[in-house]
Amino acid sequence: MALQTCGSLLCRGTLFILFCLSAVAEGHFKGFRRLTGVQDTAVHEEQWFTQKLDHFSGADSREWKQRYFVNEAFYKPGGPVFLMIGGEGTANPAWMQSGTWLTYAEKLGALCLMLEHRFYGKSRPTVDLSTDSLRLLSSRQALADLAHFRTKMAEARGLTNRKWVAFGGSYPGSLAAWFRMKYPHLVHASVATSAPVHAAVNFPEYLEVVWRSLASENAECPLLVKKASDTLEERLKDPKTYDNITKDFNLCSRLQIQTAVDSAYFLETLAGNFMDVVQYNEDNRGFEGAVGTNITIKVLCGVMGDSSLGDPYARYAAVARLMMDTLSMKCLDASFSNYLRDMTNASWDGPGAGGGRQWVYQTCTEFGFYQSTDSPNQPFTGFPLVYQVKQCADFYNVSAEQLAEAVAQTNEYYGGYNIRSTRIVFPNGSIDPWHALGITQDITPDLPAVFIKGTAHCANMYPARSEDLPQLTLARNHVFLLLQQWLKQ
Ligand SMILES: *[C@@H]1O[C@H](CO)[C@@H](O)[C@H](O)[C@H]1NC(C)=O
Ligand SMILES: *[C@@H]1O[C@H](CO)[C@@H](O)[C@H](O)[C@H]1NC(C)=O
Ligand SMILES: *[C@@H]1O[C@H](CO)[C@@H](O)[C@H](O)[C@H]1NC(C)=O
Ligand SMILES: *[C@@H]1O[C@H](CO)[C@@H](O)[C@H](O)[C@H]1NC(C)=O
Ligand SMILES: CC(=O)N[C@H]1CO[C@H](CO)[C@@H](O)[C@@H]1O
C-alpha cells in the first residue's frame with residue numbers, strides 16, 4: 001500500500017467509512033485462500049448487470065454496468081436467494097467464499113449473490129466524481145438498483161417465486177432493512193447487521209461509546225486518553241512546540257497550524273487511531289485482507305497505561321507510531337490542505353475515489369453521522385460539529401442548512417427508528433459505536449434485535465473462529481433460526 005495516500009485517506013477509515021465488507025485495498029484478495037470449508041471450487045468471477053442510470057426519471061434511458069458476484073455452490077432447486085448488499089467501498093469477493101451468510105446458505109440451500117453499490121469499486125455509472133455526477137449517488141438510487149437487479153435476475157434465472165433474503169452490515173445493513181421496507185414484494189426477509197437506521201447530523205454518541213468501550217478494558221484508559229488529548233490541544237496553541245510534535249507523531253512535514261480547521265483535522269486524525277480500533281475490536285476481519293487486526297483495545301490501553309513511555313501525551317504519540325508501524329506507513333500526513341486537495345479531486349484515478357469522496361458526499365446529502373467531540377462524556381477534544389459540517393461546503397458546495405434539511409428528509413423517507421415492517425433482524429454489538437443509531441430493542445417479535453455483549457462492528461457477519469465469545473456464537477445461531485422460521489412463512 002502506498003503510504004502517503006494511505007495517510008491521507010484509507011487509514012482514516014472511521015471518519016467516513018463504516019464498512020464491513022469492502023476490500024481494504026485493491027488487490028488484497030489476490031492469493032486469498034479460503035478459510036472455511038466451502039466445497040465450491042469455482043472462482044467467483046465478476047459479472048456485469050445492465051442498470052438504469054436514473055431510476056426516478058422515466059424520460060432518462062441511459063444505462064451503465066454494475067458489478068456483481070454469484071456463488072451457486074449451495075443452491076438447491078426451490079431454495080431461497082441470498083443477496084448481499086455492497087456498501088461504501090469496493091465489493092470484496094472474499095465474501096463469496098467465506099462469511100457467516102454462506103454457512104446459512106449451505107444449510108438452507110440458497111443461491112448467493114452480491115451486488116456492488118453504485119459509485120463504489122468498479123461500479124461506475126458516470127465518467128467522474130464531480131458534484132454534478134454525484135447527484136446520482138444516493139441510497140434511494142441504490143435501493144432501486146437492488147430492486148431492478150432482483151427483478152431481472154429472477155426473470156433470467158427463473159427465481160421470481162423464490163424467497164429473497166437481503167444481507168448487509170453497517171450502511172448496507174440499513175439498506176437491507178430499507179430494501180425490505182420499501183420493496184416488500186421483492187424481499188422476503190432481511191438481516192440488517194450493525195445498521196445505523198437513524199440519520200443524524202451530529203453523532204456525538206459515537207465517541208461516548210468509544211469512552212465506554214475503552215473503559216470496559218480498563219477504567220483508567222479513557223482518562224489517560226483524555227489527558228493526552230487535552231495536553232496536545234494545549235500545545236497546539238504554542239508554535240514553539242511544533243518541532244517536537246512533528247517528531248513525536250512522525251509527521252510527513254512540519255506541523256502547520258494556521259486555522260482552527262488545521263488543528264481540528266490533526267486532532268481528529270489522531271483520535272481516528274482509537275476510533276478505528278474500537279469499531280473493529282477483535283473482529284475476524286483478517287480473512288478479507290484487513291491488516292492491523294491484532295491492534296485491539298487491550299493493546300491500545302496497554303500502551304496508554306505504560307508509564308515507562310513517559311506522560312500520557314508521550315504514550316498517545318506511541319500509539320500513533322504503533323499504528324503507523326502496523327500499517328507500514330512511513331509517516332503521518334496530518335495536513336488539512338492535502339486532505340482538501342484529495343477530497344476535491346473528482347477523477348476516478350484520484351485519491352478519494354476509493355470511497356472517501358463518495359461516502360462523505362452521502363453523509364453531506366443524506367445521513368450526517370458526524371462523529372464530533374461535542375459531548376463532554378468522551379475522551380477527545382478539538383473537532384466540533386461545525387468543523388465537519390464545513391467540509392460539506394468545501395467539498396461539494398452543500399450548506400449547513402441543506403445538510404440539515406437532507407438529513408431530516410432521510411428520516412422522513414425511511415422512518416428512522418420508527419420501523420413498520422416484518423421479518424427484519426437487527427444484530428448489534430455493545431462495543432460498536434454505531435449501535436447508538438441502531439435498533440437495539442425488539443420492535444415487535446417479527447422485528448427482533450440481537451444484542452451481542454462485548455463485540456464490535458458487524459462481528460456476527462465474519463467467519464466463526466474458535467476464540468469467538470459464546471454470545472457471538474449464540475447470536476449467529478439465533479439469526480439462523482429466525483431465517484429458518486421466516487423461510488417457512
Ligand atoms: C522539545 O522536547 C525537548 C526534549 O524532550 C524538550 O527539552 C523541549 O523543552 C521541548 N520544546 C518545547 C518547546 O516544548
Ligand atoms: C501484529 O502483527 C504484526 C505482524 O504479524 C507484528 O509485527 C506486530 O508485532 C503485532 N503487533 C502486536 C501489538 O501484537
Ligand atoms: C487527481 O488525482 C490524479 C491521481 O493522483 C492526478 O493524476 C490528477 O492530476 C488529480 N487531479 C487534480 C485536478 O488534482
Ligand atoms: C454553490 O451553491 C449555491 C447555492 O446552492 C450556488 O448559487 C452556487 O453557484 C454554487 N457554487 C458552485 C461553485 O457550484
Ligand atoms: C436488544 C438489546 O439488548 N439491545 C442492546 C443493544 O445495545 C445497547 C447499548 O449497549 C443496550 O442498551 C441494548 O439493551
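When a ligand or atom number is given, it counts from 1 through the structure's own listing order.
- Heavy-atom contacts from other residues, nucleotides or ligands closer than 6.0 Å to NZ of K182 number more than 12.
- Heavy-atom proximity to P351, at under 4.0 Å, picks out these atoms of ligand 3: 2 (O).
- Counting all heavy atoms, side chain and backbone alike, L232 lies closest to Y316 at CD2-CE2, 4.1 Å.
- The contact set between ligand 3 and G350, taken as ligand atoms under 4.0 Å from a residue heavy atom, comprises 2 (O).
- Among protein heavy atoms, the minimum distance from atom 4 (C) of ligand 2 is reached at N294 ND2, 4.6 Å.
- Note that atom 7 (O) of ligand 4 has no protein non-hydrogen atoms nearby, at separations under 4.0 angstrom.
- Around the CD atom of Q47, the shell of radius 6.0 Å holds more than 12 heavy atoms that belong to other residues, nucleotides or ligands.
- In this structure, atom 5 (O) of ligand 3 lies nearest to the protein heavy atom D349 O, 4.0 Å.
- Scanning the protein for heavy atoms near atom 3 (C) of ligand 4, the closest one is N397 ND2, 3.7 Å.
- In A346, neither the side chain nor the backbone holds a heavy atom less than 4.0 Å from any atom of ligand 3.
- For atom 14 (O) of ligand 3, a protein heavy-atom neighbour is present inside the 4.0 Å cut-off.
- Ring centroids of Y387 and Y370 are separated by 6.0 Å or more, keeping the two rings apart.
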*Take D128 and S347 through the test side chain to side chain donor-acceptor pair (under 3.5 Å) and record every step on the way to the result.*
CA-CA 5 Å; D128 63 17; S347 159; over 6 Å; no
*asked:* One pair to check against side-chain contact (heavy atoms from CB on, under 4.5 Å): R118 and S138. What are the steps and the verdict?
replied: CA-CA 9 Å; R118 64 165 54 203; S138 69; over 6 Å; no
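- In this structure, the protein non-hydrogen atom closest to atom 2 (O) of ligand 3 is N345 ND2, 2.3 Å.
- Atom 11 (N) of ligand 2 is approached by the protein to below 4.0 angstrom, counting heavy atoms only.
- The closest side-chain donor-acceptor pair between S372 and Q388, if any, does not fall under 3.5 angstrom.
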